[in-house]
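Given the structure is predicted, the values throughout are model-derived calculations rather than measurements. Whatever order the structure lists them in is the order used to number ligands and atoms, beginning at 1.
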Amino acid sequence: MSWRNLLADSLTSADAVKRRFPAADTRGIEEAARQYPMRINPYYWGLVKDIDDPLWRQAVPSSLELKDVVCEADPLAEEALSPVANLVHKYPDRVLFLVSSQCAMYCRFCTRKRKVGTAEMVIDDATIALGLDYIRRTPAVRDVLLSGGDPLLLSDERLEWILAEVRAIPHVDIIRIGTRVPCVLPMRVSQRLCTMLKRYHPLYINTHFNHPAELTAEAASACGRLADAGISLGCQTVLLRGVNDSPEVIKELLRGLLRMRVRPYYLFQGDMTRGTDHFRTRIETGLTIMKSLIGHVSGMAVPHFALDAPGGGGKIPLLPDYVIERGERLVFKNYCGEICSYPDGY
Ligand SMILES: *Cc1c(COP(=O)(O)O)cnc(C)c1O
Ligand code: SF4
């Protein structure tokens, strides 16, 4: 079945969930889906095994989304940091360019839940032209991140139009695509798409896997095709309560990603996005996970743990503390907890 047909067969209501899981909280699903869009394509739905399992929690709407009284619609102040609609310019040398309003699944924890998949998010030729124009007249921009929504939900032709326009801008060094498609709809990554993408190097893709159960044979072949097109693959995982908030699960995920030729890039603390408070973990949980990784697993598997600062302050790296004492001698603990020191005074 083609990826478009799979997408068209997506679950968009509680009824379809109930048919497979009669015990599901149909009313909660319906209420949440009225507020935030629901789309679970048949591929991802096939990976869900049980009510409230880690994949269910990412995909199926929950009444908890409506009980969040703590978080904000746009916690990273993206709208305020957008010089033109759908282009966020926060850091000096790079921009986040939102080129698609659609995703292959609407993740319940999405940071852009306020608009992704809704009528609020208007992306058309005119908004894309304005974004391209902004990049053209802003020579400080060296790195363009295409995101959305999911850029790989665009047709090959439309995506190629955007890539060609960005690539033609002399001051743009690299292009990145942020996409969850290799995880949630890997069959979209066709050989034709990869052949097109490789014409726009240097091109990087950061994908998004959150749980080892997402590392299927299909996902592995999608990543393999992209890697064979010379595209370096990174992964931006989000720490999610009840989904992946343990050292064992994260370790298995990161090792599996490396086997699929994907290099873990970020491990994100959950943003304070309205409707996602039930997913948030303590910062301490992430630090404990980082301690369980650093030194214990291949350094290639270790991502940067970061918090995107509320208000749009940018990503703050969070690291476990290894230094116990500074001064003439630097005293520190190694990954096993042994005390060591280094003479640092002259
Ligand atoms: C995350 C992000 C980037 C990219 O940050 P890197 O640390 O370079 O990956 C750029 N712009 C915005 C608005 C972002 O949120
Ligand atoms: S794929 Fe990304 S943008 Fe789309 S719903 Fe999921 S987290 Fe949000």
Side-chain angles (χ1 to χ4, degrees), residues 7 10 36-41 44 55 57-61 65 74-83 86-118 121 123 131 135 138 140-154 173-186 188 204-210 214 232 234-240 243 263-271 273 275-276 279 303-318:
L7 209 57
S10 292
Y36 301 109
M38 166 181 187
R39 175 185 274 172
I40 313 170
N41 70 62
Y44 200 87
L55 278 61
R57 289 183 177 174
Q58 294 185 66
V60 181
E65 294 170 41
D74 180 14
L76 307 179
E78 289 188 335
E79 303 301 337
L81 289 165
S82 299
N86 296 315
L87 183 141
V88 187
H89 193 178
K90 171 150 77 181
Y91 295 106
D93 69 341
R94 52 209 187 278
V95 292
L96 183 69
F97 188 11
L98 309 183
V99 297
S100 161
S101 61
Q102 304 286 307
C103 297
M105 163 166 114
Y106 292 120
C107 311
R108 307 323 300 171
F109 53 84
C110 179
T111 193
R112 243 162 255 133
K113 207 173 165 78
R114 68 180 182 283
K115 62 178 184 178
V116 165
T118 78
M121 197 170 191
I123 293 177
I135 300 167
T138 313
V141 176
R142 293 166 169 275
D143 175 359
V144 174
L145 283 79
L146 303 181
S147 181
D150 199 311
L152 293 196
L153 270 257
L154 302 176
D173 291 337
I174 64 166
I175 303 175
R176 296 193 238 180
I177 297 176
T179 173
R180 220 189 160 189
V181 153
C183 171
V184 296
L185 192 62
R188 177 359 176 175
Y204 295 79
I205 287 186
N206 283 323
T207 183
H208 176 173
F209 289 82
N210 290 329
E214 296 169 341
S232 289
C235 183
Q236 310 197 147
T237 296
V238 186
L239 261 187
L240 299 166
V243 172
R263 167 84 159 90
Y265 177 44
Y266 273 125
L267 178 65
F268 283 123
Q269 175 67 17
D271 292 329
T273 301
T276 69
F279 282 117
H304 304 286
F305 178 42
L307 160 72
D308 223 329
K315 294 176 181 72
I316 308 298
L318 299 169

Apply the side chain to side chain contact (heavy atoms under 4.5 Å, CB included) test between P151 and each candidate in V99, L98, V181; give the one that qualifies. V99

Judged by atom type as modelled, is there a donor-acceptor pair below 3.5 Å linking the side chain of R180 to the main-chain atoms of C103? no

Who's the nearest protein heavy-atom neighbour of atom 10 (C) of ligand 1, and how far? Y91 CD1, 3.6 Å

Expected output: side-chain N206 to main-chain Q236 donor-acceptor under 3.5 Å: no

Of all the non-hydrogen atoms in the protein, which one sits nearest to atom 6 (P) of ligand 1, and at what distance? Y265 OH, 3.4 Å

Nearest protein heavy-atom contact for atom 1 (S) of ligand 2: which residue, which atom, what distance? R180 CB, 3.5 Å

Write out the residue and atom name of the closest protein heavy atom to atom 5 (S) of ligand 2, then the distance separating them to 0.1 Å. C107 N, 3.3 Å

Proximity to ligand 1 by part of L145, non-hydrogen separation under 4.0 Å: side chain

May I ask you to identify, for M105, whether its side chain, its backbone, both or neither come under 4.0 Å of ligand 2 on a heavy-atom basis? backbone

With a 4.5 Å heavy-atom cut-off, do D271 and T276 have their side chains touching? no

When you measure from the side chain of K90 to the backbone N and O of G313, does any donor-acceptor pair fall under 3.5 Å? no

Within 2.8 Å of atom 4 (Fe) of ligand 2, is there any N, O or S atom belonging to C110? no

Quick check on contacts: which atoms of ligand 2 are under 4.0 angstrom from a heavy atom of C103? 1 (S), 3 (S), 4 (Fe), 5 (S)

Run the salt-bridge test on R188 and D150 with the 4.0 Å N-O cut-off and return the result as yes or no. no

So if I apply the side chain to side chain contact (heavy atoms under 4.5 Å, CB included) rule between V238 and each of H208, Q269, Q58, which one comes out positive? H208

Closest heavy-atom approach to atom 13 (C) of ligand 1 among N206, V88, D271 is made by V88

Short side-chain to backbone donor-acceptor contact, D74 and E79, under 3.5 Å: yes

Which residue and heavy atom of the protein sit nearest atom 7 (O) of ligand 1, plus the separation: Y266 OH, 2.6 Å

Examine distances only and state if a side-chain atom of T237 and a backbone atom of F209 form a donor-acceptor pair shorter than 3.5 Å. yes

Any idea which atoms of ligand 1 are less than 4.0 Å away from a heavy-atom of R94? 4 (C), 5 (O), 6 (P), 7 (O), 8 (O)

Does the protein place any heavy atom closer than 4.0 Å to atom 7 (S) of ligand 2? yes

Look at atom 14 (C) of ligand 1 and find which of H89, R176, K315 reaches it with the closest heavy atom. K315

